[in-house]
Amino acid sequence: MANSIVKVQDGYNHEKMTEDLRILQNTSPEIEVIPIGRSVLGRSIPAVRLGTGPKEIHFNGSFHANEWITSLLLMVFIERVVQSCNSKTSFDGISIEAILKDITLWIVPMVNPDGVELVQNGFLTDNNPYYRTVLEANKGSTDFQNWKANIRGVDLNDQFPAYWENECNRRETNGPAPSDYPGPAPLSEPEAQAMANFTLEHDFQLVIALHTQGEEIYWGYRNSEPPESQRIVQQFEKVSGYKAIQNVDSDAGYKDWFICQWQRPGFTVECGKGQNPLPVNQFWSIWPKTRNIMLASLFA
Ligand SMILES: [Zn+2]
């Protein structure tokens with residue numbers, strides 16, 4: 001199906017997302033866009049609200065820069081919801097308009113806009129204040145395809161106060177790097193702070209963090225996950241064919257912190273298969289599986 005607003009193309013970045021959100025907002029009263037903070041380089045991090053129901057659910061994408069295809073997955077999802085509400089038609093057989101009277105869905109499509117920009121376009125100028133840090137962290141290379149971190153070389157999904165010290169000891173990275181550097185302290189980075197504050201200000205019953213790649217769903221954390229997480233992840237497996245994995249040797253991630261803090265279901269979904277960044281021509285094969293997981297979460 002062709003998309004009218006969000007174009008599934010290479011180079012999807014903060015500028016395109018901002019423009020798409022502006023257009024989507026103009027086409028529909030169903031959607032509200034609220035800035036939840038700013039990146040290191042001052043880019044606004046928007047959260048998109050869909051629906052007005054009492055039960056709050058949250059999805060996010062692009063915590064990791066070279067996993068930017070997850071922003072596109074979320075933006076296409078947002079557009080399909082809006083289309084469905086506007087035209088009073090179903091979304092994959094589901095009356096999304098009715099569901100959004102019971103649920104409020106909060107989507108942060110791009111947690112790490114500076115990192116995404118770096119992967120997409122490199123440095124356009126050398127007057128970027130982090131030019132030297134980034135270049136050194138990348139061992140002098142201007143190829144940033146392996147870059148996951150924010151623009152200060154901090155891995156935003158290693159920043160959360162859930163056994164952060166353990167993560168520091170596990171990762172043998174002591175300074176800015178393309179990935180795996182947990183930063184000088186938990187929540188030292190504005191993007192991670194924005195996500196933590198946003199989460200604390202809401203009452204999310206379930207969260208999904210989209211990453212790539214591996215076709216796996218991580219659903220446990222140090223035995224803090226509630227019993228229903230298992231039932232929900234089995235549902236996700238069924239609708240996607242992805243493999244559920246309870247525990248991985250990792251701490252300080254967003255979903256780890258969410259599970260730890262609230263003992264509610266939190267999931268990291270590793271979309272697609274291959275080498276990051278996944279090529280955009282994989283989008284339409286990843287889309288139905290990820291869409292099914294997101295839709296299933298609304299009935300969890
Ligand atoms: Zn990731």
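Numbering of ligands and ligand atoms starts at 1, following listing order. FYI, side chains are in, hydrogens and waters are out, and symmetry mates aren't considered; it's all heavy atoms of this structure. Everything numeric in this text was worked out from a predicted model, so none of it was measured.
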*asked:* Is it true that, when you exclude Y163 itself, more than 12 heavy atoms of the residues, nucleotides or ligands shown sit nearer than 6.0 Å to its OH?
replied: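 No, not enclosed.
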
*More than 12 heavy atoms of other groups within 6.0 Å of N169 CG*: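 Atom CG in N169 is crowded, with more than 12 foreign heavy atoms closer than 6.0 Å.
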
_Heteroatom N/O/S of E67 within less than 2.8 Å of the Zn ion (ligand 1)_ =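 Within the cut-off used here (under 2.8 Å), E67 does place an N, O or S atom near the Zn ion (ligand 1).
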
*Restricting to N, O or S atoms of H211, which is nearest to the Zn ion (ligand 1)?*
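Looking at H211, the N, O or S atom with the least distance to the Zn ion (ligand 1) is ND1.
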
*asked:* To make sure I understand the geometry: which N, O or S atom in H64 is closest to the Zn ion (ligand 1)?
replied: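 Distance check against the Zn ion (ligand 1) picks out ND1 in H64.
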
*Under the 3.5 angstrom rule, does the side chain of N150 hit a backbone N or O of S39 as a donor-acceptor pair?*
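Not a single qualifying donor-acceptor pair exists.
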
*Is there a donor-acceptor contact under 3.5 Å from the side chain of S71 to the main chain of P109?*
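Such a contact is found between S71 side chain and P109 backbone.
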
